[in-house]
Amino acid sequence: MVVDTLDRDTLPNIADGSQRASLWIAGHIFDRLQITKTVASDAPEADDESLGRLLEQGVQDQLGTDLKSGKPETDWTVRRNAEIWDFAQYAHIRELREAAAKYPDVKSVIGGDYVISPDVVVGVPGRYGRSLRAVVSCKWTLRSDRAQNVRHEFNSLIRARRGRAPHLVAVTAEPVPSRLNSLTRGMGEIDAVYHVAYEPLKEAVAEFMPKRGEATQSEHLKAMIRTGRLRDYRELVDDILMD
């Protein structure tokens with residue numbers, strides 16, 4: 001499925017129809033995973049928001065099962081859209097919100113930075129209550145604004161914590177290395193990005209990018225893998241368990 005044109009019946013739903021590199025890589029990934037796409041003529045097109053919610057649900061279900069299997073003695077909490085002040089490092093934010101509700105001047109000072117409901121959270125028992133072990137931001141695909149949204153959210157979590165910072169990671173199906181690079185670069189707001197089709201992505205970039213005059217995409221991918229900034233989604237559970 002190496003496609004060069006926008007066709008609603010064949011376009012992989014991780015592809016950007018306006019970008020040829022996205023079409024080539026996404027087409028290979030779908031072929032490699034033996035995914036076909038057929039759309040009924042009257043069916044509504046799924047958008048990134050609805051696909052993102054499905055990704056969140058899948059990540060929550062898989063992490064919940066595999067973490068409990070990996071360390072059954074640990075009382076794991078895996079939830080979607082949890083309030084961060086339910087965890088020990090951020091419990092003080094509940095008091096800030098209560099004060100802001102009473103005093104408008106306080107509300108104007110704290111703004112909206114602390115109103116964060118992460119896509120998926122992982123919690124464990126701690127000395128002062130449940131501790132936030134990991135925060136997972138799920139993005140079906142990426143644009144530059146989405147990358148900045150993740151970075152802003154994670155920066156807020158780093159600044160607001162009292163105690164140990166949780167693992168701050170992203171999970172995505174984005175096929176274009178340059179867009180993945182927009183999320184992996186930085187000074188530590190994001191610990192790592194996990195790709196749900198890691199091996200097919202590597203194969204697609206190796207096969208198509210140099211031949212199509214897109215050598216820079218190959219360079220981006222190699223650098224992200226070499227530095228551990230881009231990882232296989234199948235490694236996420238083990239990385240959380242090793243903490």
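Computation of the quantities below employed the complete heavy-atom set of this structure, encompassing side-chain atoms and omitting hydrogens, waters and symmetry-equivalent molecules.
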Please check if L33 and V205 belong to a single hydrophobic cluster, counting links between Ile, Leu, Val, Met, Phe, Trp and Tyr side chain heavy atoms closer than 4.5 Å.
-> yes

Does atom NZ of K71 have more than 12 heavy-atom neighbours from other groups under 6.0 Å away?
-> yes

Any chance CD of Q34 has more than 12 other-residue heavy atoms, nucleotides or ligands included, within less than 6.0 Å?
-> no

Sequence-distant partners of [X], side chain to side chain contact (heavy atoms under 4.5 Å, CB included), two or more places apart:
X: E49; result: D47, R53
X: D75; result: P125, R130
X: K222; result: none
X: S178; result: V176, Q217, H220

For the residue pair [X] and [Y], establish whether any side-chain heavy-atom pair is separated by less than 4.5 Å.
X: K139; Y: V171; result: no
X: I93; Y: I84; result: yes
X: T141; Y: N13; result: no

Value for CG (D119) from OG (S137), rounded to nearest 0.5 Å, stands at 4.5 Å

Reported CG-to-CZ distance for the pair L67 and R133, which is rounded to 0.5 angstrom = 8.5 Å

Can you list the residues that meet the salt bridge (charged side-chain N to carboxylate O under 4.0 Å, His left out) rule with [X], with sequence neighbours excluded?
X: E153; result: none
X: E203; result: R32
X: D232; result: R234
X: E199; result: K202

For residues 184-198, the salt bridge (Lys or Arg N to Asp or Glu O under 4.0 Å) pairs (sequence neighbours left out) are R151-E189

Does any pair with a residue in residues 82-96 pass salt bridge (Lys or Arg N to Asp or Glu O under 4.0 Å), and if so which ones, sequence neighbours excluded?
-> R79-D86, D86-R94

Mind checking side chain to side chain donor-acceptor pair (under 3.5 Å) for R80 and listing every partner two or more places apart, or none if nothing turns up?
-> E56, Q57

What residue pairs, at least two apart or across chains, pass side-chain hydrogen bond (donor to acceptor under 3.5 Å, both in side chains) with a residue in residues 164-175?
-> R164-D243

Closest contact, heavy atoms only, P118 versus A82 | CD-O, 3.3 Å

